[in-house]
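Numbers here simply count residues along the sequence, with the first being 1.
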Amino acid sequence: MARTVDVAGLVDRAREGQPRAVARLISLVEDAGPELRDVAAALAPHCGNARVVGLTGAPGVGKSTCTSALVKAYRERGERVGVLAVDPSSPFSGGALLGDRVRMGEHTTDPGVFIRSMATRGHLGGLSWATPQALRVLDAAGCDVVLVETVGVGQSEVEVVSLADTAVVLLAPGMGDGIQAAKAGVLEIADVFVVNKADRDGADRTARDLKHAISLGRREREGGLWRPPVVKAVASRGEGVHDVVDAIDAHHAWLVGRGELARRRAVRAAREVEAIAVERLRSRFGGLRGGADLESLAESVAAGELDPYAAADRLVEGVGA
C-alpha cells in the first residue's frame, strides 16, 4: 500500500528550517510524483521573498568555488542561503554526477545554508527541469538568497537568465572567454560579469575586452539602461568576492527601483505556466503514438491525401474531444 505524504506538514517543517523536510520536498518535486500539485499549491503562498542569483559559465571557470565564496559572504551578513547546484546526470543512476555538496563541504554543517545537487536528467539549457519548483521550496523555506549554479554551459545553454533575478556570468583568463563572450550570447544574458582566477596572466585583458564588447552592445531595457559591471575576483582566496556581492546588490536595487524585478518574475511565472501546459499536452499526445487515429492520419499524409497541418488539426481535435 502506498504511503501517504503529509505535504502540509512537510511545508510547515520546511518553513521552520528543518533540512530533512526541505530535502524531502525537493525530492518530491524531482520525482514528479502524484504529490507534486499539492506541493506546488502549499508552497505558493510563501514564495516571492528570496533573491535569486544565477551563476553560469564554461566548465573550469570556478563556478562552484565562486558559489561557495558567495555563500560565505552572505552568511557573514546573517542571511540564510540556499544553493541549487545543477550537475550532469550519471549515466548509471541518473543522479547528479559531480556532487557540488562535496566541493562546498565547509558549509554543510551550517544550519543557515541548504545545498542541493540536482541532475539535469537530459534537460538542456544548463538547468534541471525541476529547478523552478526546487527554487520555490527554498524560497518558502525562508532563504533570503538562492544561488543557482548551472552545469557548465556552451553557446546556447543560457536558460538560467529566465530563472534568476540576477544572472552572473563567470569567465576566466586564458580560455578565450573574451572572444567567446561576444559570440556565445552571454553579453545578452549577463547582469554581472566576473573574471575569476584574476591572478592569472591575461585577466586584465579579458576584463578590458569584456568592457569593450559591452560598450558596443548597449542594451536598452524597459525602465532604463543597465550596463553589466565587470568584476575581477580570485574566489579560491576570497579576493574580490565582496565586490561581486556589491555588484549583485546594485543590480537588485536597479531592478526594484524601476519595477523590473516584478516584470522579470511575471515573465518567469508565465514561462513556467507555459512549460507545464506544454508538458501536459505532450503527455496527452504521447498516448496517441501508435494509436489508430495517428496511424490513419500518417498514412493519409504519406499518400498525399492530406497535408501534415490538416492532419495535426484533426489530431488536436481528437485529443480535445
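- Atom CG of Asp199 and atom NZ of Lys197 lie 9.5 Å apart (nearest 0.5 Å).
- Heavy-atom minimum distance, Lys63 versus Ala58: NZ-O, 3.4 Å.
- The minimum heavy-atom distance linking Pro173 with Gly202 is given by the pair CB-C, 3.6 Å.
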Between Val83 and Phe114, does a side-chain contact (heavy atoms from CB on, under 4.5 Å) hold up when you go through it step by step?
-> CA-CA 6 Å; Val83 178; Phe114 184 90; over 6 Å; no

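- Using a cutoff of 4.0 Å between basic side-chain nitrogens and carboxylate oxygens, Glu16 and Arg13 are not scored as salt-bridged.
- When the shell of 6.0 Å around CD of Glu274 is examined, it contains 12 or fewer heavy atoms from other residues, nucleotides or ligands.
- Hydrophobic clustering keeps Val234 apart from Val230 (ILVMFWY residues linked when any side-chain heavy atoms are closer than 4.5 Å, directly or through intermediates).
- Here the side chains of Leu261 and His252 are in contact, with some heavy-atom distance below 4.5 Å.
- One finds no salt bridge joining Asp165 and Arg264 here, because no Lys/Arg side-chain nitrogen approaches an Asp/Glu carboxylate oxygen to under 4.0 Å.
- Both Trp226 and Val256 are assigned to one and the same hydrophobic cluster, defined by single-linkage of ILVMFWY side chains at heavy-atom distances under 4.5 Å.
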Step-by-step side-chain contact (heavy atoms from CB on, under 4.5 Å) determination, Val113 to Arg75 | CA-CA 8 Å; Val113 179; Arg75 289 298 292 146; 3.6 Å; yes

Evaluate the criterion side-chain contact (heavy atoms from CB on, under 4.5 Å) for residue pair Val231 and Val195; output intermediate values, then yes/no.
-> CA-CA 6 Å; Val231 183; Val195 178; over 6 Å; no

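- Looking only at distances, no side-chain donor or acceptor of Arg15 sits under 3.5 Å from a matching main-chain atom of Gly142.
- Each of Leu25, Val11, Val146 was checked for a side chain to side chain contact (heavy atoms under 4.5 Å, CB included) with Val137, and the lone residue meeting it is Leu25.
- Residues Glu76 and His242 are in side-chain contact: their nearest non-hydrogen atoms beyond the backbone lie under 4.5 Å apart.
- Among all heavy-atom pairs drawn from Pro229 and Ala247, the shortest one is CG-CB, 4.0 Å.
- Using a 4.5 Å cut-off on side-chain heavy atoms (C-beta onward), Ile214 and Pro228 make contact.
- Taking CG from Leu84 and CD1 from Ile26, the interatomic distance works out to 6.0 Å, rounded to the nearest 0.5 Å.
- Contact annotation: the side chain of Ser64 approaches that of Glu149 to within less than 4.5 Å [non-hydrogen atoms, C-beta and beyond].
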Begin with the C-alpha distance, continue with both residues' side-chain angles, and end with the deciding distance and a verdict on side-chain contact (heavy atoms from CB on, under 4.5 Å) for Leu170 and Thr56.
-> CA-CA 6 Å; Leu170 280 78; Thr56 190; over 6 Å; no

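- Residue-environment remark: CG (Asp201) stays at or below the threshold of 12 foreign heavy atoms within 6.0 Å.
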Check the pair Arg116, Glu30 against salt bridge (Lys or Arg N to Asp or Glu O under 4.0 Å), reporting the backbone distance first and the verdict last.
-> CA-CA 12 Å; Arg116 178 65 173 245; Glu30 286 191 291; 2.9 Å; yes

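- Using a 4.5 Å cut-off on side-chain heavy atoms (C-beta onward), Val61 and Asn196 make no contact.
- Judged purely by atom type and a 3.5 angstrom limit, Arg80 has no side-chain atom pairing as donor or acceptor with the backbone of Val145.
- A salt bridge is defined here as a Lys NZ or Arg NE, NH1 or NH2 lying under 4.0 Å from an Asp or Glu carboxylate O, and Arg237 with Glu239 meets this definition.
- Put simply, the side chain of Tyr74 reaches to within 4.5 Å of the side chain of Ile248, judged on heavy atoms.
- For the atom pair Thr150 OG1 and Leu55 CG, the distance stands at 8.0 Å (nearest 0.5 Å).
- Between Asp191 and the choices Val169, Val168, Thr166, Val53, the side chain to side chain contact (heavy atoms under 4.5 Å, CB included) rule is met once, by Thr166.
- A salt bridge links Asp204 with Lys232: the distance from a Lys NZ or Arg NE/NH1/NH2 to an Asp or Glu carboxylate oxygen falls below 4.0 Å.
- Summarising the geometry, atom CG belonging to Asp38 is positioned 10.0 Å from atom CG belonging to Leu28; distances are rounded to the nearest 0.5 Å.
- For the pair Glu272 and Arg136, the salt-bridge criterion is met [side-chain N within less than 4.0 Å of a carboxylate O].
- Panel note: side chain Asp139, backbone Cys47; no donor-acceptor pair is recorded below 3.5 Å.
- In this structure, Ala311 and Leu297 approach most closely via the heavy-atom pair O-CD1, 3.6 Å.
- Here the closest non-hydrogen pair linking Gly54 and Ala164 is N-CB, 3.4 Å.
- Of all heavy-atom pairs spanning Met118 and Thr131, the tightest one is CE-N, 4.0 Å.
- Applying the salt bridge (charged side-chain N to carboxylate O under 4.0 Å, His left out) definition to pairs two or more places apart or across chains, those involving residues 244-256 are Arg51-Asp249, Arg77-Asp249.
- Here Arg227 contributes atom CZ and Ser215 contributes atom OG; the two are 6.5 Å apart, rounded to the nearest 0.5 Å.
- Separating the CG atom in Asp313 from the CG atom in Asp307 is a distance of 8.0 Å, to the nearest 0.5 Å.
- Residues Leu171 and Val194 fail the side-chain proximity criterion, which asks for heavy atoms closer than 4.5 Å.
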